[in-house]
Amino acid sequence: GEDVEQSLFLSVREGDSSVINCTYTDSSSTYLYWYKQEPGAGLQLLTYIFSNMDMKQDQRLTVLLNKKDKHLSLRIADTQTGDSAIYFCAESPPGTYKYIFGTGTRLKVLA
Amino acid sequence: DGGITQSPKYLFRKEGQNVTLSCEQNLNHDAMYWYRQDPGQGLRLIYYSQIVNDFQKGDIAEGYSVSREKKESFPLTVTSAQKNPTAFYLCASSTRDRGINQPQHFGDGTRLSIL
């Protein structure tokens with residue numbers, strides 16, 4: 001089936017690292033994406049990784065990709081209260097205009 | 001600045017009424033999308049359009065209709081046939097580079113409620 005899976009909730013203390021995990025479905029997906037959604041807002045693209053990469057780092061964000069296991073993770077270093085939001089991973093299989101989104105992980109940062 | 005504009009931000013529908021949600025983009029993207037988001041859930045695809053004057057049904061198209069007369073605009077009509085329209089509606093657009101889908105850009109959403 002076309003299910004991208006994520007855990008529903010994650011709670012961390014301010015200053016700790018957060019790791020949000022995702023399992024995707026199509027090993028031929030060229031790009032894999034991470035989006036952030038704040039309350040009442042649309043989705044904001046955080047970062048994305050090309051499928052021939054294992055890791056991508058962008059300031060406090062690190063994306064790890066394990067193609068063999070179809071596993072994607074997003075690590076947020078030094079998590080701040082402003083990072084509290086819902087995080088979605090997504091893939092876009094080749095040969096289609098569609099994007100498939102996970103159910104989202106709600107990150108709560110405790111002060 | 002380029003982006004996607006959705007309007008209105010809040011919309012109320014009476015029983016038996018059709019309502020139209022607006023989505024405009026100035027990113028020069030060919031593809032546009034409508035998603036529905038229910039509380040605590042992910043995004044479900046309603047309709048998408050790859051090019052002007054063409055569109056395809058997504059996973060939950062029943063009770064909705066769209067048009068794509070201009071590249072910049074992709075309005076969504078929620079018809080009276082949609083019995084449970086209360087949700088957050090998101091519009092998105094994207095382009096392709098050498099046949100590969102580039103990241104989607106999203107509007108700020110429209111929250112639709114029943115009166």
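What you see is a predicted model; the values in this text were computed from it and never measured. In what follows, chains are A, B, ... by sequence order, proteins preceding strands, each numbered from 1.
The choice from B/Gln37, B/His105, B/Gln56, B/Arg96 that makes the most heavy-atom pairs within less than 4.5 Å of chain A is B/Arg96. When B/Ser94, B/Ala31, B/Gly109 are compared by the number of non-hydrogen pairs under 4.5 Å with chain A, B/Ser94 comes out ahead. The candidate from B/Lys9, B/Gln104, B/Arg111 with the greatest count of non-hydrogen atom pairs under 4.5 Å with chain A is B/Gln104.
Between B/Asp59 and A/Lys98 there is a side-chain heavy-atom pair separated by less than 4.5 Å. The closest side-chain heavy-atom distance from B/Tyr35 to A/Tyr99 is below 4.5 Å. Looking only at side-chain heavy atoms (C-beta outward), A/Tyr31 and B/Asn101 stay at 4.5 Å or farther from each other.
Heavy atoms closer than 4.5 Å to chain B are found nowhere in A/Ser29, neither backbone nor side chain. Neither the backbone nor the side chain of B/Gln6 comes within contact range of chain A, judged by heavy atoms closer than 4.5 Å.
Side-chain contact annotation: A/Tyr97 with B/Ser49, donor-acceptor N/O pair under 3.5 Å absent.
Note on B/Phe55: it clusters hydrophobically with B/Tyr89, by side-chain heavy-atom contacts below 4.5 Å among ILVMFWY residues. In the hydrophobic clustering of ILVMFWY residues, with side-chain heavy atoms under 4.5 Å counting as a link, A/Phe88 and B/Tyr33 come out together. The same ILVMFWY cluster, assembled from side-chain heavy atoms under 4.5 Å apart, contains both B/Val19 and B/Ile60. Linking ILVMFWY side-chain heavy atoms closer than 4.5 Å, directly or via other members, places B/Leu43 and A/Tyr24 in a single hydrophobic cluster. A/Phe101 and B/Trp34 fall into different hydrophobic clusters, defined by Ile, Leu, Val, Met, Phe, Trp and Tyr side-chain heavy atoms under 4.5 Å apart, directly or through other members.
Within a 6.0 Å sphere centred on CZ of B/Arg44, other residues, nucleotides and ligands contribute more than 12 heavy atoms.
Residues of residues 59-74 of chain A lying under 4.5 angstrom from chain B, judged on non-hydrogen atoms, do not exist. Annotation: residues 9-17 of chain A contacts chain B through no residue [non-hydrogen atoms, separation under 4.5 Å]. Taking 4.5 Å as the heavy-atom cut-off, the residues of residues 33-48 of chain A that approach chain B are A/Tyr33, A/Tyr35, A/Gln37, A/Gly40, A/Ala41, A/Gly42, A/Leu43, A/Leu45, A/Tyr48, ordered by number. Contacts with chain A (heavy atom to heavy atom, under 4.5 Å) involve no residue of residues 61-80 of chain B.
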